[in-house]
Amino acid sequence: MPERGEGATQGSARSDASHPARHTARETWLTDARALRAYAHPTRMRLVGLLRAQGPRTATQAADLINESVASCSYHLRMLAKYGLVETAAGGRGREKPWRATARLTQWPTHSPEPAVAEAAEAVELAAVERYSELLSAAIETRHTLSRDWQEAGGISDVLLYLTAGELSAIQQQIDALLRPFEARETRPDSRPPGARLVQVIRAGFPVPQVTASGPAQEASRATDVATTRNGAVQATPAADSGGPRLGNSAGTKPTEANPVATGTAAVSDIPDPEGT
């Protein structure tokens, strides 16, 4: 299930356990269980999203924006650097040195023959879904603060279709192609038309789980009951102006490198943190 947001995540069916991560200027591929487990942490995902959306920040600045301690942000930034998701930028020393994201997107395998990789990737993906739910809720709750044209431009929708696996893959690729031309505006502010603002597009496509006890007809009927089709299969909403893959640590054990996911927390994606809470 691919996901993407500005500086966000994209799942992809690819795995190479011989490397913790692979990098291009646009994408970071997390390809083994160690890297995936390290990444499946709410604070780390929020930090990556923050750096992608707002540019280089020090641990002190990041802590203020995501409501974490400076010590926590400093630790998690070092762990992110270990797996190639962030790196130090020029200037500053210690906790006052700036950090920057190494790529615009993070990708991970949506299928792997290796159980450890598959399990870790699923944890990251479930975390992304939880974060998306938070972002959508926040967008709905603050929609009344937007101008009418922005309120009408955004929306949430879904549609049920009978597709083959190949057709679903083709649709995902077509959406990618549709969005790709707008990516250049991130690094070229002069290319943004008047009135443009940061918008997050969240998408998902997946087979409806089969419920054999009730049969396909009732299964489809239940799915239709919760479908709220409006503008197609893509949800788009102006990104809030303060916050980021953002679920802070809740009560539980403290994270360590050996156990990067603290108990009592849910991991979230590096979905942009354009707002800076």
Side-chain angles (χ1 to χ4, degrees), residues 5-9 21 23 25-28 30 35 38-106 124 127-128 130-132 134-135 138-139 142 145 183 185-190 192 196-200 238-250 254-257 260-262 265-277:
E6 197 281 270
T9 62
H23 308 281
R26 181 175 182 267
E27 302 164 342
T28 295
L30 300 183
Y39 185 54
H41 187 285
T43 301
R44 293 175 193 175
M45 290 180 165
R46 293 176 68 187
L47 285 168
V48 173
L50 173 70
L51 298 180
R52 286 175 174 166
Q54 296 198 7
R57 292 289 186 274
T58 66
T60 301
Q61 292 169 329
D64 183 57
L65 290 170
I66 67 171
N67 295 321
E68 285 282 341
S69 71
V70 175
S72 173
C73 286
S74 181
Y75 168 77
H76 289 303
L77 285 165
R78 293 195 303 272
M79 290 300 101
L80 289 167
K82 179 176 179 179
Y83 291 99
L85 288 156
V86 305
E87 63 187 10
T88 55
R93 299 177 62 185
R95 291 179 179 174
E96 298 311 310
K97 63 185 176 187
W99 296 84
R100 70 179 186 90
T102 56
R104 188 174 182 277
L105 302 172
T106 303
V124 174
E130 184 165 347
R131 182 55 195 152
Y132 290 145
E134 284 193 332
L135 291 171
T142 60
T145 65
E183 292 183 6
R185 294 181 181 180
E186 179 185 5
T187 55
R188 293 180 51 201
D190 60 326
R192 302 169 192 168
R197 61 175 293 173
L198 193 62
V199 169
Q200 183 154 11
D241 292 329
S242 62
R246 285 151 328 244
L247 264 177
N249 289 338
S250 55
K254 294 183 179 180
T256 64
E257 182 177 355
V261 181
T265 67
V268 290
S269 73
D270 61 343
I271 308 151
D273 207 331
E275 324 133 20
T277 50

So which heavy atom on Thr106 is nearest to which on Tyr39, and how close? OG1-OH, 3.7 Å

Does any part of the side chain of Leu47, heavy atoms only, come nearer than 4.5 Å to the side chain of Trp99, both counted from C-beta? no

Using side-chain heavy atoms (C-beta onward) and a distance below 4.5 Å, is Tyr75 in contact with Glu68? no

Got a donor-acceptor contact below 3.5 angstrom from the Thr142 side chain to the Ala138 backbone? yes

State, with a plain yes or no, whether a side-chain heavy atom of Leu77 is found less than 4.5 Å away from one of Leu51. yes

Shortest non-hydrogen contact between Pro98 and Pro56, atoms and distance: CB-CB, 4.2 Å

Please find the pair of heavy atoms, one from Thr43 and one from His76, that lie closest to each other, and give the distance. CG2-CD2, 3.5 Å

Look only at the side chain of Arg44 and the backbone of Ala38, and say whether a donor-acceptor pair between them is shorter than 3.5 Å. yes

Nearest non-hydrogen partners of Ala62 and Arg57, listed with the distance: N-CB, 4.4 Å

Taking every non-hydrogen atom, the tightest pair across Arg185 and Arg192: O-NE, 2.7 Å

Work out which heavy atom in Ala59 is nearest to a heavy atom in Cys73; give both atom names and the distance. O-CB, 3.8 Å

Do side-chain atoms of Thr102 reach the backbone of Gly84 as a donor and acceptor pair under 3.5 angstrom? yes

From NE2 (His41) to CG (Leu80), nearest 0.5 Å: 10.0 Å

Measure from the side-chain N and O atoms of Ser72 to the backbone N and O of Ser69, and report whether any donor-acceptor pair falls under 3.5 Å. no

